[in-house]
Chemist: 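Please read through the structure below; I'll follow up with questions.
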Amino acid sequence: MITLGIETSCDETAVALLDNQEIINQGIASQENLHSLFGGVVPELASREHMRLLPLLIDSVFDRARMVMGDVDNVAVARGPGLLGSLLVGLGMAKGCVLSTGANLVGVNHLMAHLLVTETQERIRFPALGVLISGGHTQLYKMNSRFDLELIGRTLDDAMGEAFDKTAKLLNLPYPGGKYIDKLAGLAEPDKDLLPSPNLDNRNLDFSFSGIKTAISNFLKKNDLSLSKMDPEPDIENIALQNPDVAKLCASFNWSMAKTLYTKVKRALDKENDIQTIVMAGGVASNHFLREKMSQLAGEYSISLLLPSPSLCTDNAAMIAYTGFLLAKRGYVHDLSLEGIPRGKSIPWDYNNTT
Ligand code: KG4
Ligand code: ZN
């Protein structure tokens, strides 16, 4: 079964071709450089870039795979949550492909796809604990099965990736700055008492990251550490050498974020005591220190930990194609009335079951 995956929910235009669960070919065009100048994603520009890049990317992925649109059985497309204008570009293209070929149309929940993509590397054993940490979301799921995800914890304000990106912005690092904080953190020792580890003084599984953002902002008002000018391609080793206090702040921030995540995930494991696997996914799951802390926790509980490779953590189309393939195999498909769902609205389970 050949599945074409299309992802345009935020600022990455991505296309992938799968033969069952095997990735045949994939391509991604990042808009990071465009949006970095504005310190965040500009929705209008993102949609226009998707419109320009998506047809070119589809052509090149089919060329490299030596395949044509007529070979495709399923067209899987991210249907939300995301920026509505961006989603509509992907949905329009997916509907066009389906109209011209008669392939199945499968709308895919972007969040579910982040969690399931690790299966292109290794099978998940259920029930699993899904730790979804991205630029837009911070959520804990009890994954009873592939399509039965129960939300058991979530952020009350900022997402984890947002906290990384806002901290990077305060330091004058380009958007999205999570990966720079991660690299700088690897070049210094943390001061474990410098920053608060947010929202731990309770018994719940929810997160809050607005406090740590304020703590960083207050710290930077008292200590003028921000880099004097923003370099679109920062030389991280040089920054760490010239500004050891910036690297230390990044290491301390990374440490506080990891402590929060470790504590909440440990609490979830104690509460749901039948978990077989932890799946950590989303862009922030490529963070080195968070991966290390999660491995330590999984070791303490003698359960397995599945971490997608870093390129499958950030937005990609292989995750959309794989989830679309699983859904289509079970007969879950959509008709051409499929709609995009913006961020903040829940994704309906509105498949036409053909089996
Ligand atoms: O999953 P993703 O690509 O997009 C969303 O669905 O939101 O996640 C993007 C987020 C950004 O906030 C980015 O700064 C963060 O993932 N990120 C990282 C790292 N790499 C990407 N955060 C911390 N450490 C990293 N190594
Ligand atoms: Zn994402």
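For ligands, and for the atoms within them, numbers begin at 1 and follow the listed sequence. The figures that follow rest on heavy atoms only: side chains count, while hydrogens, waters and symmetry mates do not.
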Chemist: Counting backbone and side-chain atoms alike, does His137 have an N/O/S atom under 2.8 Å from the Zn ion (ligand 2)?
Modeler: no
Chemist: So which bit of Met160 gets within less than 4.0 Å of ligand 1, heavy atoms only: side chain, backbone, both or neither?
Modeler: neither
Chemist: Using a 4.0 Å cut-off to any heavy atom of Gly161, which atoms of ligand 1 qualify?
Modeler: 12 (O)
Chemist: Should you measure from each heavy atom of Gly135, which atoms of ligand 1 turn up under 4.0 Å away?
Modeler: 5 (C), 7 (O), 8 (O), 9 (C), 10 (C), 12 (O)
Chemist: Check the orientation of Tyr351 and Tyr332. Use parallel for under 30°, tilted for 30 to 60°, and perpendicular for over 60°.
Modeler: tilted
Chemist: Mark up the atoms of ligand 1 that fall under 4.0 Å of a heavy atom belonging to Gly136, in ascending order.
Modeler: 7 (O)
Chemist: Determine whether any heavy atom of Ser286 lies closer than 4.0 Å to an atom of ligand 1.
Modeler: yes
Chemist: Between Gly177 and ligand 1, does any nitrogen or oxygen pair lie at a separation below 3.5 Å?
Modeler: no
Chemist: Pairing donors with acceptors under 3.5 angstrom, does anything connect the side chains of Gln296 and Glu300?
Modeler: yes
Chemist: Quick check on the Zn ion (ligand 2): does His110 put an N/O/S atom closer than 2.8 Å to it?
Modeler: yes
Chemist: Going by heavy atoms in the side chains, are Leu4 and Met69 under 4.5 Å from each other?
Modeler: yes
Chemist: For atom 15 (C) of ligand 1, grab the closest protein heavy atom and report residue, atom and distance to one decimal in Å.
Modeler: Val284 CG2, 3.9 Å
Chemist: Quick check: do Val15 and Phe62 have side-chain heavy atoms less than 4.5 Å from each other?
Modeler: no
Chemist: Would you sort out whether Asp274 and Lys142 count as a salt bridge (Lys or Arg N to Asp or Glu O under 4.0 Å), showing the intermediate values?
Modeler: CA-CA 10 Å; Asp274 54 351; Lys142 180 158 191 199; 3.1 Å; yes
Chemist: Check ligand 1 against Gly283 and write out every atom of the ligand that is under 4.0 Å from a heavy-atom position of the residue.
Modeler: 1 (O), 2 (P), 8 (O), 16 (O), 17 (N), 18 (C), 19 (C), 20 (N), 21 (C)
Chemist: Measure Asp182 to ligand 1 on non-hydrogen atoms and call it side chain, backbone, both or neither using the 4.0 Å cut-off.
Modeler: side chain
Chemist: For Asp315, what is the atom name of its N, O or S atom nearest to the Zn ion (ligand 2)?
Modeler: OD1
Chemist: So for His114, does at least one of its heavy atoms come nearer than 4.0 angstrom to any atom of ligand 1?
Modeler: yes
Chemist: What I want to know is whether Gly178 and ligand 1 share at least one N or O pair that is separated by under 3.5 angstrom.
Modeler: yes
Chemist: Please list the nearest protein heavy atom to atom 3 (O) of ligand 1 with its residue and the distance rounded to 0.1 Å.
Modeler: Asp315 N, 2.9 Å
Chemist: In the structure I gave you, are the side-chain heavy atoms of Thr13 and Val89 within less than 4.5 Å of one another anywhere?
Modeler: no
Chemist: State the CE-NZ distance between Met294 and Lys266, to the nearest 0.5 angstrom.
Modeler: 12.0 Å
Chemist: If hydrophobic clusters are built from ILVMFWY residues whose side chains come within less than 4.5 Å, do Ile6 and Leu338 share one?
Modeler: yes
Chemist: Does ligand 1 come near enough to Thr314 that some N or O of the ligand is less than 3.5 Å from an N or O of the residue?
Modeler: no
Chemist: With no hydrogens and no angle check, is any side-chain donor or acceptor of His50 less than 3.5 Å from a backbone partner on Cys10?
Modeler: yes
Chemist: List the closest protein heavy-atom neighbour of atom 24 (N) of ligand 1: residue, atom name, distance to the nearest 0.1 Å.
Modeler: Asn287 ND2, 3.2 Å
Chemist: Find all atoms of ligand 1 within a distance of less than 4.0 Å from any non-hydrogen atom belonging to Pro176, and give their numbers and elements.
Modeler: 14 (O)
Chemist: Under the side chain to side chain donor-acceptor pair (under 3.5 Å) criterion, do Tyr301 and Asn273 qualify, and how do the steps go?
Modeler: CA-CA 10 Å; Tyr301 279 74; Asn273 52 17; over 6 Å; no
Chemist: Would you call His110 a ligand 1 contact, heavy-atom distance under 4.0 Å?
Modeler: yes
Chemist: Going by heavy atoms in the side chains, are Phe147 and Leu327 under 4.5 Å from each other?
Modeler: yes
Chemist: Just by distance, with hydrogens left out, do Glu7 and Ser9 show a side-chain donor and acceptor under 3.5 Å apart?
Modeler: yes
Chemist: With backbone taken as N, CA, C and O and side chain as the heavy atoms from C-beta onward, which portion of Asp165 lies under 4.0 Å from ligand 1: side chain, backbone, both, or neither?
Modeler: side chain
